[in-house]
Amino acid sequence: MLDTKKFGRELKRLGFHFYSGVPCSFLENLINYSINNFEHITAANEGDAIAIASGAYLGGKKAVVFMQNSGLANAVSPLVSLNYPFQIPLLGFVSLRGAPDIQDEPQHELMGKITTQLLELMQVKWMYLADDIKKAQHQLLQANQFINKNQPFFFVVKKGTFEEEPLKEQVLSFSSNQTKKMKTRTDQMPTRLEVLTAIHALQNSQAILIATTGKTGRELYEIDDACNHLYMVGSMGCVSSLGLGLALSQKNRDIIIIDGDGSLLMHMGNLATNGHYHPDNMLHILLDNHSHDSTGGQRTVSHNVNFVDISAACGYKKSIYIHNVEELKASISEWKKTKGLTFLYMRIAKGSKKQLSRPKIKPYEVKERLQNFIKNDPQLFTKGENTCKS
Ligand SMILES: Cc1ncc(C[n+]2csc(CCOP(=O)(O)OP(=O)(O)O)c2C)c(N)n1
């Protein structure tokens, strides 16, 4: 068995300071160590844990994710469409429930057989974690080399690998809504392009704009391809999780997330995680066109959902219904002064312009450019302009 404390200290020595995941009983002791000792974000879903940790990585932290192998299925979309194209490395620990040599429950049987094949299919390098501390320390050094080359690396963890590590009393924090403004008049229903243009014009020299999957990112790219932008080309639904990890690791920057109704509905548990950790420097804007506009305008079910109520109930400090572009501008300007985790909800028209280009810059280039922006901020700005150039 591994001495969990020794192993945890080794992770720390190698610079892994940020942790996120969803628990599994096979990983219980390591996760307890992480909760007791590290910055640990409990995610609602393993895919979001991947995105939260990836955001922290963008913000300069070496990050670790924990998950049961059943949750590896939840993590497939971000692993293949976020970590792979953006070349974002994470260290993963995935349990091996349903291993062929143990008695386990039927729901784990198939995943137990295919866990390592699934990692291989996703081109994620992996090893079975040794249960001898000397060997495990050596394996960590090997894994670290992959991380240093911008490649994710996963340890597959068998039952009984870690010695007992009791969970200390977890201090519960509560975040409560302070301002909730509901719909009071007719919506202006501007186009997404008009709204994105307004948001883009209002950012300041240290803000980072993250645009959700589909046409939101493509339209932002058309407005301006700046080094403080990130276009979330894949991993639909994970934009605010990426933003959360980034906001928590870059507390002096404004992190502005532009979400879509289809995307938000896909991972609505994020709202609860965001509300609980509630970084002051995060602004979450939802542009609701009641549709999956990017894939042909098919209706979502968002017409039946009150996102202002939901975000408020999840602990966003402010949840505000925005009726028109002027209100949006006023709320963003106000937020820049007062901060606090804020949700701005806005109805927009369906549709976008006919010839909409796609980012020519590769995702990993966007990532590198953003990392440079985070490191060198002022130099990338031309005096008097409010966006940075590549
Ligand atoms: C996991 C996943 N499912 C489906 C898609 C296909 N897809 C790309 S954008 C999109 C619609 C997104 O809808 P919404 O967030 O409301 O934004 P809108 O297109 O309306 O701007 C879909 C379904 C995808 N990229 N990833």
Side-chain angles (χ1 to χ4, degrees), residues 43-52 54 71-86 88 118 121-122 187 189-200 209-223 229-243 256-271 274 284-308 310-311 322 325 328 343-359 363 366:
N45 165 307
E46 292 79 357
D48 291 306
I50 295 274
I52 293 167
S54 297
L72 187 61
N74 286 340
V76 169
S77 170
L79 276 172
V80 301
S81 65
L82 174 66
N83 298 80
Y84 179 83
F86 283 89
I88 294 179
L118 185 54
L121 269 180
M122 294 192 289
D187 294 303
M189 303 285 282
T191 63
R192 184 173 39 218
L193 197 64
E194 285 165 335
V195 174
L196 290 174
T197 305
I199 296 171
H200 173 263
L209 249 60
I210 312 180
T212 189
T213 319
K215 291 188 175 172
T216 306
R218 291 169 63 187
E219 287 188 349
L220 181 63
Y221 170 78
E222 280 218 346
I223 293 165
H229 290 178
L230 188 138
Y231 321 107
M232 198 120 177
V233 288
S235 52
M236 182 174 160
C238 293
V239 70
S240 72
S241 294
L242 190 84
I256 303 177
I257 294 149
I258 310 162
D259 217 338
D261 49 301
S263 300
L264 199 150
L265 286 169
M266 190 175 269
H267 283 240
M268 209 150 74
N270 292 345
L271 293 179
N274 298 340
H284 189 176
I285 305 173
L286 175 61
L287 306 183
D288 186 356
N289 49 20
H290 286 182
S291 68
H292 290 114
D293 190 55
S294 303
T295 47
Q298 304 87 349
R299 294 293 296 256
T300 63
V301 296
S302 72
H303 59 280
N304 202 33
V305 177
N306 188 329
F307 290 103
V308 174
I310 294 173
S311 59
I322 303 287
V325 174
L328 178 71
F343 186 83
L344 301 182
Y345 172 88
M346 188 169 191
R347 287 278 288 116
I348 59 164
K350 274 170 82 165
S352 60
K353 66 184 215 198
K354 286 232 155 47
Q355 301 298 324
L356 185 59
S357 57
R358 291 175 192 274
V366 170

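One-based numbering, in listed order, for ligands and for the atoms of each. The figures that follow rest on heavy atoms only: side chains count, while hydrogens, waters and symmetry mates do not.
Nearest non-hydrogen protein atom to atom 20 (O) of ligand 1 is S291 O, 2.8 Å. Closest protein heavy atom to atom 16 (O) of ligand 1: G262 N, 2.7 Å. The protein non-hydrogen atom at the shortest distance from atom 17 (O) of ligand 1 is G260 CA, 4.1 Å. For atom 11 (C) of ligand 1, the nearest non-hydrogen atom of the protein is H292 CD2, 3.6 Å. Taking atom 15 (O) of ligand 1 as the reference point, the nearest protein heavy-atom neighbour is S263 OG, 2.7 Å. For atom 5 (C) of ligand 1, the nearest protein heavy atom (residue, atom name, distance) is M236 SD, 3.7 Å. Looking only at heavy atoms of the protein, atom 6 (C) of ligand 1 is closest to T295 CG2, 3.9 Å. Closest to atom 25 (N) of ligand 1, if we only count protein heavy atoms, is T213 CG2, 3.9 Å.
Residue contacts with ligand 1 leave out K350, since none of its heavy atoms falls under 4.0 Å from the ligand. Not a single heavy atom of G234 lies less than 4.0 angstrom from ligand 1.
Distance alone, capped at 3.5 Å, is enough to place a donor-acceptor pair between the S81 side chain and the S235 backbone. N270 places no side-chain N or O within donor-acceptor distance of the main-chain N or O of D48, the cut-off being under 3.5 Å. At distances below 3.5 Å, at least one donor-acceptor pair connects side-chain atoms of D261 with backbone N or O atoms of S291. Remark: side-chain polar atoms of S263 are not paired, donor with acceptor, to backbone N or O of D259 under 3.5 angstrom. A donor-acceptor pair is defined here as one N or O able to donate and one able to accept, closer than 3.5 Å; no such pair exists between the side chain of D187 and the backbone of M189. Remark: the backbone N or O of S357 is paired with a side-chain donor or acceptor of E222 at under 3.5 angstrom.
For ligand 1, the atoms lying closer than 4.0 Å to a non-hydrogen atom of S294 are 9 (S), 18 (P), 19 (O), 21 (O). Every atom of ligand 1 is numbered from 1 in the order shown, and the set under 4.0 Å from a heavy atom of N289 is 18 (P), 20 (O), 21 (O). For ligand 1, the atoms sitting less than 4.0 Å from at least one non-hydrogen atom of D293 are 18 (P), 19 (O), 20 (O), numbered in the order shown with element in parentheses. Those atoms of ligand 1 with a heavy atom of T216 less than 4.0 angstrom away are 21 (O). Contact atoms of ligand 1 toward R192: 18 (P), 21 (O) (distance under 4.0 Å to a heavy atom of the residue).
The proximity of T300 to ligand 1, defined as any non-hydrogen pair under 4.0 Å, does not occur for either the backbone or the side chain. The proximity of D261 to ligand 1, defined as any non-hydrogen pair under 4.0 Å, involves the side chain as well as the backbone. The proximity of K215 to ligand 1, defined as any non-hydrogen pair under 4.0 Å, does not occur for either the backbone or the side chain.
For the atom pair OH of Y345 and CD1 of I285, the computed distance is 14.0 Å after rounding to the nearest 0.5 Å.
Under the side chain to side chain contact (heavy atoms under 4.5 Å, CB included) criterion, S294 pairs with K215, sequence neighbours left out. Evaluation of the salt bridge (charged side-chain N to carboxylate O under 4.0 Å, His left out) rule for E219 yields R192 as partners, not counting sequence neighbours.
Here the options are V366, I210, T213, the test is side-chain contact (heavy atoms from CB on, under 4.5 Å), and the partner is Y231; only V366 passes.
Looking only at atom types and distance, the side chain of N83 has a donor-acceptor partner in the side chain of S54 under 3.5 Å away.
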